[in-house]
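These figures come from a predicted structure and were not determined experimentally. In what follows, chains carry the letters A, B, and so on, assigned in the order in which the sequence lines appear, proteins first and then strands, with residues in each chain numbered from 1.
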There are 2 protein chains.
Amino acid sequence: MKKFVTIRDVANAAGVSINTVSRALNDKPDVNEETKEKVLKVARELGYVRDATALSLRYGLTRVIGVIFEDSSNPFFSEVFKGIEMKAREHNFNVILMNTEKDYDIEEDAIKTMISRRVDGLIITPTQERFEDIESLANLNIPTIILGVHFKELKLPEVHTDDVTGGFLATDYLIKKGRKRIVLLNGLSYKSVAQMRFEGYVNALRDNGIKYLDELVYEIPEGVESAYNKTKELLLSGLRFDGMFCFNDIFAIGAIEALKEFGKRIPEDVSVVGYDDISYAKYISPSLTTVAIDKILEGQTAFELLLESVKSKAKMTAKEIVLDVKLIERKSA
Amino acid sequence: MKKFVTIRDVANAAGVSINTVSRALNDKPDVNEETKEKVLKVARELGYVRDATALSLRYGLTRVIGVIFEDSSNPFFSEVFKGIEMKAREHNFNVILMNTEKDYDIEEDAIKTMISRRVDGLIITPTQERFEDIESLANLNIPTIILGVHFKELKLPEVHTDDVTGGFLATDYLIKKGRKRIVLLNGLSYKSVAQMRFEGYVNALRDNGIKYLDELVYEIPEGVESAYNKTKELLLSGLRFDGMFCFNDIFAIGAIEALKEFGKRIPEDVSVVGYDDISYAKYISPSLTTVAIDKILEGQTAFELLLESVKSKAKMTAKEIVLDVKLIERKSA
DNA sequence: AACAGTACCGGTAACGTTACCAATCACAAT
DNA sequence: ATTGTGATTGGTAACGTTACCGGTACTGTT
């Protein structure tokens with residue numbers, strides 16, 4: 001039923017061999033100008049479209065890259081993806097996108113699928129729980145970029161943001177605004193990103209001569225609810241604090257929700273700084289002071305680095321591209 | 001350099017023919033149990049992974065579907081995509097995602113690419129400017145689902161939400177809250193979605209005996225800024241209004257921003273209702289009353305309808321699946 | 001001993017494409 | 001007339017896989 005026009009159909013219709021059609025179509029030499037025009041005309045009339053699956057088999061190259069995210073509906077990832085897709089299109093690549101839902105087994109499966117699809121390269125944000133699946137990619141020498149995460153254990157190219165500086169900027173800013181007891185609402189500590197932001201937090205305290213207190217640092221799982229609940233718990237416990245540095249804007253939104261519920265004024269009673277600068281950060285109330293990262297750029301950079309790796313015949317090596325971050329001052333701190 | 005283990009490598013290593021390997025791998029009969037186990041063992045040791053590109057060529061089926069959106073970073077689309085990807089994975093399909101950036105030429109190009117990739121099916125949200133490109137899909141009889149849009153001109157399966165009812169619910173709610181002069185901040189009218197919401201708006205006014213006024217209805221392009229600017233313009237012009245029904249939550253966010261800037265209290269001075277219930281709708285201030293649609297479900301439904309079309313050998317026919325909407329009451333109205 | 005039936009295995013073609021080589025032809029140079 | 005040269009064309013194999021068919025060897029039945 002679904003039936004496509006092949007090079008053979010064109011050849012028959014034009015009364016030449018498939019070789020001549022191929023040459024005409026690919027603008028190769030060794031084909032008479034008249035013949036060529038005739039072939040192109042026939043091809044157009046018949047609605048011929050080159051079969052990419054055949055080319056993939058022929059050349060062992062698919063011009064497809066795989067992207068594996070935790071959750072592509074997360075506004076952070078969806079913007080990064082946009083950057084990737086943009087650059088990919090520019091270079092005539094297509095992108096297969098898969099979600100892991102933060103599940104290692106699904107991640108492993110997704111990687112197998114990508115290998116089976118013979119993608120020319122892969123951009124992945126690993127769950128960081130385990131990493132044998134990613135090692136298998138390295139062994140097969142499938143060009144791979146680790147995105148948004150620093151992976152000590154693997155010698156692979158990485159693109160991520162300067163989160164130590166990000167953590168520093170946020171904390172330092174809060175301190176400069178006179179805050180002394182700053183809660184860090186961090187992500188789970190097995191994540192390198194959480195570790196880096198923590199490091200920035202500690203650095204800022206040290207540089208400003210403020211004592212680090214364990215009772216102000218919390219690690220919570222992803223999600224608005226999670227941050228909302230933890231903040232509520234802290235408020236109920238009677239913990240004193242006048243500043244909050246949140247692992248991401250989603251956490252900040254949850255925290256602000258809870259703070260408001262307890263009648264805390266923001267930023268007067270508690271100043272809040274987020275991270276990521278998701279597009280809604282400026283529209284929540286109060287508008288969110290946050291550490292901005294250029295997500296589109298991060299995606300574009302990842303693709304370009306991947307392309308480099310795809311083109312080069314060399315073995316992959318560790319390479320770290322660290323993107324700048326900057327603090328966006330708004331009303332919440 | 002990038003070199004995969006083929007069925008032939010496995011055959012050599014196991015000392016059998018490629019046919020036997022194929023049978024063993026595919027759990028086909030006519031292969032001795034011992035041989036089979038040996039083959040499977042060798043395949044495992046060698047790290048054999050089936051080459052999907054070869055299968056695609058062999059069977060003329062790729063188990064890949066294409067998704068073409070205006071902008072996958074839009075939270076509406078990114079959630080719909082999640083629903084699609086979820087169901088696709090369940091059925092061992094993969095998804096290629098492309099963005100058109102609302103440009104007809106890019107859309108046309110994306111469709112060509114998808115045809116060239118020999119996708120088994122396509123889910124698309126057309127720009128609605130023109131539609132010859134989509135007709136070409138219909139002619140090739142590539143299973144296609146139109147998503148989120150009603151396309152009078154084409155006889156293709158569609159999945160969208162009940163936007164006439166949505167428009168009615170929003171407007172009726174504002175009226176019931178005592179609002180008399182309700183601005184409709186609509187999307188551009190060539191879009192079927194905008195037409196439908198407009199229809200709902202008009203119906204609600206009529207049913208409540210309120211006169212329709214042209215001076216309260218505006219059509220603006222996408223984007224927060226767009227809504228922010230138009231609202232500011234209306235306020236500066238001195239137009240009186242006590243309610244706003246916004247085409248989507250993004251518009252509502254922009255409108256609220258402008259209203260606040262002019263010292264309008266929400267909902268006391270102006271009540272605002274949005275559309276889509278994007279995940280941040282509840283966290284902006286005041287939390288947004290909006291018409292909710294189940295975006296994940298919309299994606300899942302689209303995939304399932306597509307799958308039906310892929311499996312059936314019949315020609316595609318018009319078929320409309322209309323999903324329910326509901327009003328979510330929060331603080332902005 | 002002869003035959004049929006069955007279990008197992010391998011050879012080949014095909015999917016659509018292009019690279020490589022060989023063939024043909026016209027024409028010019030010897 | 002012969003040879004060489006260049007322009008143009010076609011034949012074939014190969015990418016990895018599986019369907020189809022044909023073969024071999026063993027079993028059991030007569």
Side-chain angles (χ1 to χ4, degrees), chain A residues 1-40 42-43 46-64 92 113 115-120 140, chain B residues 1-40 42-43 46-64 92 113 115-120 140:
Chain A
M1 171 214 77
K2 198 177 62 172
K3 199 79 193 77
F4 295 96
V5 177
T6 75
I7 209 176
R8 191 159 280 115
D9 299 327
V10 177
N12 288 338
V16 296
S17 79
I18 56 169
N19 307 280
T20 304
V21 174
S22 177
R23 277 188 288 260
L25 256 29
N26 292 294
D27 228 6
K28 290 274 163 76
D30 290 342
V31 54
N32 182 284
E33 194 58 36
E34 279 177 49
T35 330
K36 180 167 167 181
E37 298 207 342
K38 180 168 181 196
V39 168
L40 293 181
V42 171
L46 261 50
Y48 171 81
V49 181
R50 218 191 239 79
D51 186 331
T53 64
L55 288 190
S56 298
L57 184 58
R58 176 78 232 265
Y59 289 121
L61 291 176
T62 52
R63 293 196 88 79
V64 171
N92 283 310
T113 302
I115 295 177
S116 159
R117 291 273 175 212
R118 299 295 193 253
V119 293
D120 290 341
L140 278 169
Chain B
M1 169 213 79
K2 197 177 61 170
K3 199 80 193 79
F4 295 96
V5 177
T6 74
I7 208 176
R8 190 159 281 114
D9 300 326
V10 177
N12 289 338
V16 295
S17 79
I18 56 170
N19 308 279
T20 304
V21 175
S22 176
R23 277 188 288 259
L25 256 29
N26 292 293
D27 228 6
K28 291 273 164 76
D30 291 342
V31 54
N32 183 284
E33 195 58 37
E34 280 177 48
T35 330
K36 180 169 168 178
E37 298 207 343
K38 178 166 183 201
V39 168
L40 294 181
V42 171
L46 261 51
Y48 171 81
V49 181
R50 218 190 240 78
D51 185 331
T53 64
L55 288 190
S56 297
L57 184 59
R58 177 81 234 266
Y59 288 123
L61 291 176
T62 52
R63 294 196 88 80
V64 171
N92 284 309
T113 302
I115 295 177
S116 158
R117 291 272 174 212
R118 300 294 192 254
V119 293
D120 290 341
L140 278 168

>> Can you work out whether B/Ser17 or A/Asp51 has the more 5'-proximal nearest nucleotide on DNA chain C?
In response: B/Ser17
>> If you assign A/Arg58 and B/Ala54 each to the DNA chain C nucleotide with the nearest heavy atom, which residue ends up on the more 5' nucleotide?
In response: B/Ala54
>> Strictly under 4.0 angstrom, non-hydrogen atoms only: write out the protein contact profile of nucleotides 20-25 of chain D, one letter per nucleotide from the 5' end, B, S or -.
In response: ------
Does [X] put a side-chain nitrogen or oxygen below 4.0 Å from OP1 or OP2 of [N]?
X: B/Lys28; N: D/dA19; value: yes
X: B/Thr6; N: D/dG16; value: no
X: A/Tyr59; N: C/dA19; value: yes
X: A/Thr53; N: C/dC15; value: no

Atom-pair distance ([atom1] on [X]; [atom2] on [N]), nearest Å:
X: B/Leu25; N: D/dT18; atom1: CG; atom2: P; result: 7 Å
X: B/Leu55; N: C/dG16; atom1: CG; atom2: P; result: 15 Å
X: B/Ile18; N: C/dT12; atom1: CD1; atom2: C1'; result: 9 Å
X: B/Asn32; N: D/dT27; atom1: CG; atom2: P; result: 13 Å
X: B/Glu34; N: C/dA7; atom1: CD; atom2: C1'; result: 13 Å
X: B/Glu33; N: C/dC8; atom1: CD; atom2: P; result: 9 Å

>> Using heavy-atom distances to pick each residue's nearest nucleotide on DNA chain D, tell me which of A/Val31 and B/Val21 is more 5'.
In response: A/Val31
> Do NZ/NE/NH1/NH2 and the carboxylate oxygens of B/Arg118 and A/Asp51 come within less than 4.0 Å?
Replying inline: yes
>> Looking at B/Lys36 and B/Asp27, is there a salt bridge between them, counting it only when a charged N and a carboxylate O are closer than 4.0 Å?
In response: yes
> Does A/Ala52 offer a backbone N or O that forms a donor-acceptor pair with the side chain of A/Ser56 under 3.5 Å?
Replying inline: yes
>> If we ignore hydrogens and angles and just use 3.5 Å, is the side chain of A/Thr35 paired with the main-chain N or O of A/Val31 as donor and acceptor?
In response: no
Counting only side-chain heavy atoms from C-beta out, which of [options] sits nearest to [X]?
X: A/Arg8; options: D/dT8, C/dA19, C/dT17; answer: C/dT17
X: A/Asn26; options: C/dT17, D/dG10, C/dT18; answer: C/dT18
X: A/Leu57; options: D/dT9, D/dC15, D/dT17; answer: D/dC15

> Under the side chain to side chain donor-acceptor pair (under 3.5 Å) test, which residues partner B/Arg63, sequence neighbours left out?
Replying inline: none
> Can you find a pair of side-chain heavy atoms, one from A/Val49 and one from A/Val5, that are under 4.5 Å apart?
Replying inline: no
> Does the side chain of B/Thr62 come within less than 4.5 Å of A/Thr53's, by heavy atoms?
Replying inline: yes
>> Considering every strand and a 4.0 Å limit on heavy-atom distances, what is the contact class for A/Asp30: base, sugar-phosphate, or nothing?
In response: base
